[in-house]
K.L.:
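The structure under discussion is supplied below as structure tokens; questions concerning it will follow.
The first residue in the sequence is number 1, and the count goes up from there.
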Amino acid sequence: MFSSLLHRLQDVCLQAATPITRRCVRLAPKLLLDALPCLGSVLYVPMHPHASSVWLMPRGLLVADMRLAPLLQARWLVAASTITVDGPREWIECMDRDRRLCARLYLLPDTDYLAWDALLANGEPATNPDRRPTPAWPASAQLLCFHRYRLGGLDVLDGETSTGASPLSTQLAGHIARLDVVSRDPHAGHRAS
């Protein structure tokens with residue numbers, strides 16, 4: 001009896017629309033690259049680039065892996081938060097110059113919360129940019145730690161799979177990744193079957 005009541009309560013909670021709070025900052029790619037290594041473990045969800053996107057790389061910045069290239073396109077960071085059935089959830093939506101979603105970063109229990117707040121504090125407050133109506137489909141979500149180094153006078157961003165993440169962060173990252181892909185990719189259900 002208690003089990004069926006619990007399932008009903010979860011269904012009601014899942015159906016309840018929890019508002020998402022958003023605030024926006026403008027941030028130069030260099031400042032973003034400087035701040036990312038301080039975060040520790042985050043769930044990184046790059047979006048497939050839109051066919052008409054012009055990939056202008058910022059001068060003096062490189063990525064060691066093309067899966068990180070969307071971060072070089074970010075011009076706005078939209079900090080979003082909501083309350084889910086699993087508890088509070090925070091993420092950053094990285095938007096390019098055309099106001100298209102190019103990547104998401106999710107806060108995890110192992111993420112450095114002070115570095116997360118400092119990243120957003122480094123930006124110039126801005127009004128939330130109007131998103132372009134083009135769909136943004138997630139590529140593969142990855143639990144990453146970012147690193148930055150100098151190479152031939154260039155700042156290079158690299159990311160490695162976070163092997164030191166706690167079981168709680170690993171479980172939460174997997175849960176968020178499954179929800180993100182299923183809720184945003186219209187073909188995810190067909191691929192899963």
Side-chain angles (χ1 to χ4, degrees), residues 6-27 32 35-48 67-68 70-71 73-96 99-123 125-132 135-146 159 161-186 188-189 192:
L6 181 60
H7 289 305
R8 279 186 175 172
L9 180 60
Q10 285 177 337
D11 289 341
V12 168
C13 289
L14 286 172
Q15 293 171 3
T18 306
I20 296 175
T21 305
R22 287 185 162 86
R23 70 183 171 94
C24 181
V25 297
R26 259 185 91 75
L27 191 70
L32 178 60
L36 287 174
C38 300
L39 295 177
S41 297
V42 295
L43 180 63
Y44 172 61
V45 184
M47 299 297 149
H48 288 290
R67 67 185 170 166
L68 303 177
L71 293 169
Q73 301 302 309
R75 297 300 182 271
W76 283 281
L77 301 181
V78 180
S81 62
T82 191
I83 304 296
T84 69
V85 174
D86 302 318
R89 181 155 306 142
E90 290 186 49
W91 66 96
I92 294 173
E93 297 174 344
C94 302
M95 311 270 291
D96 69 12
R99 296 182 175 100
R100 290 190 187 102
L101 181 63
C102 53
R104 272 196 197 88
L105 301 167
Y106 285 91
L107 181 74
L108 299 173
D110 294 342
T111 305
D112 186 323
Y113 287 52
L114 294 176
W116 183 271
D117 289 341
L119 167 62
L120 296 168
N122 284 336
T127 58
N128 284 342
D130 295 329
R131 285 192 201 185
R132 297 286 176 130
W137 293 312
S140 59
Q142 301 145 1
L143 186 59
L144 291 181
C145 286
F146 294 101
T161 303
S162 180
T163 56
S166 70
L168 180 59
S169 282
T170 304
Q171 180 182 10
L172 181 60
H175 180 70
I176 292 170
R178 281 188 299 279
L179 288 176
D180 199 77
V181 169
V182 169
S183 69
R184 289 180 174 79
D185 186 348

K.L.:
Contact between T111 and L105 at the side-chain level, heavy atoms closer than 4.5 Å - yes or no?
P.N.:
no
K.L.:
Can you name the closest pair of heavy atoms from V25 and P125 and give their distance?
P.N.:
CG1-CA, 4.2 Å
K.L.:
To the closest 0.5 Å, what do you measure between SG (C102) and CH2 (W76)?
P.N.:
11.0 Å
K.L.:
I would like to know whether L119 and L77 meet side chain to side chain contact (heavy atoms under 4.5 Å, CB included); could you show each step before the answer?
P.N.:
CA-CA 9 Å; L119 167 62; L77 301 181; 4.1 Å; yes
K.L.:
Do R22 and E93 come within less than 4.5 Å of each other through their side chains, counting heavy atoms only?
P.N.:
yes
K.L.:
Are any non-hydrogen side-chain atoms of P88 and I83 less than 4.5 angstrom apart?
P.N.:
yes
K.L.:
Given side chains that start at C-beta, do those of H175 and R89 come closer than 4.5 Å, heavy atoms only?
P.N.:
yes
K.L.:
Between the side chains of S41 and D110, is a donor N or O closer than 3.5 angstrom to an acceptor N or O?
P.N.:
no
K.L.:
Give, for atom CG of D96 and atom CZ of R75, the distance between the pair rounded to the nearest 0.5 Å.
P.N.:
8.0 Å
K.L.:
What closest approach, in Å, do P109 and L172 show between heavy atoms, and which atom pair accounts for it?
P.N.:
CD-CD2, 3.7 Å
K.L.:
If every non-hydrogen atom of P19 is compared with every non-hydrogen atom of T82, which pair is closest and at what distance?
P.N.:
O-OG1, 3.1 Å
K.L.:
Looking at M47 and A103, what are the two nearest heavy atoms and their distance?
P.N.:
CG-N, 4.0 Å
K.L.:
Does some side-chain heavy atom of I176 sit less than 4.5 Å from a side-chain heavy atom of R104?
P.N.:
no
K.L.:
Please determine whether side chain to side chain contact (heavy atoms under 4.5 Å, CB included) holds for the pair L32 and F146, giving the CA-CA distance in whole Å, both sets of side-chain angles, and the decisive distance to 0.1 Å.
P.N.:
CA-CA 11 Å; L32 178 60; F146 294 101; over 6 Å; no
K.L.:
May I ask you to test the Y44-L39 pair for a side-chain heavy-atom distance under 4.5 Å?
P.N.:
no
K.L.:
Between C94 and L71, is there a side-chain heavy-atom distance shorter than 4.5 Å?
P.N.:
yes
K.L.:
Measure across G159 and R67 and return the closest heavy-atom pair with its distance rounded to 0.1 Å.
P.N.:
O-NH2, 3.0 Å
K.L.:
For a quick test of reading the model, state the closest non-hydrogen atom pair linking A173 to L143 and the distance between them.
P.N.:
CB-CD1, 4.1 Å
K.L.:
Working to the nearest 0.5 angstrom, can you tell me the gap between S81 OG and I92 CD1?
P.N.:
11.0 Å
K.L.:
Hey, could you give me the CG/OG1 distance between L179 and T84, rounded to the nearest 0.5 Å?
P.N.:
8.5 Å
K.L.:
State, yes or no, whether a side-chain contact exists between L36 and V42 at a heavy-atom distance under 4.5 Å.
P.N.:
no
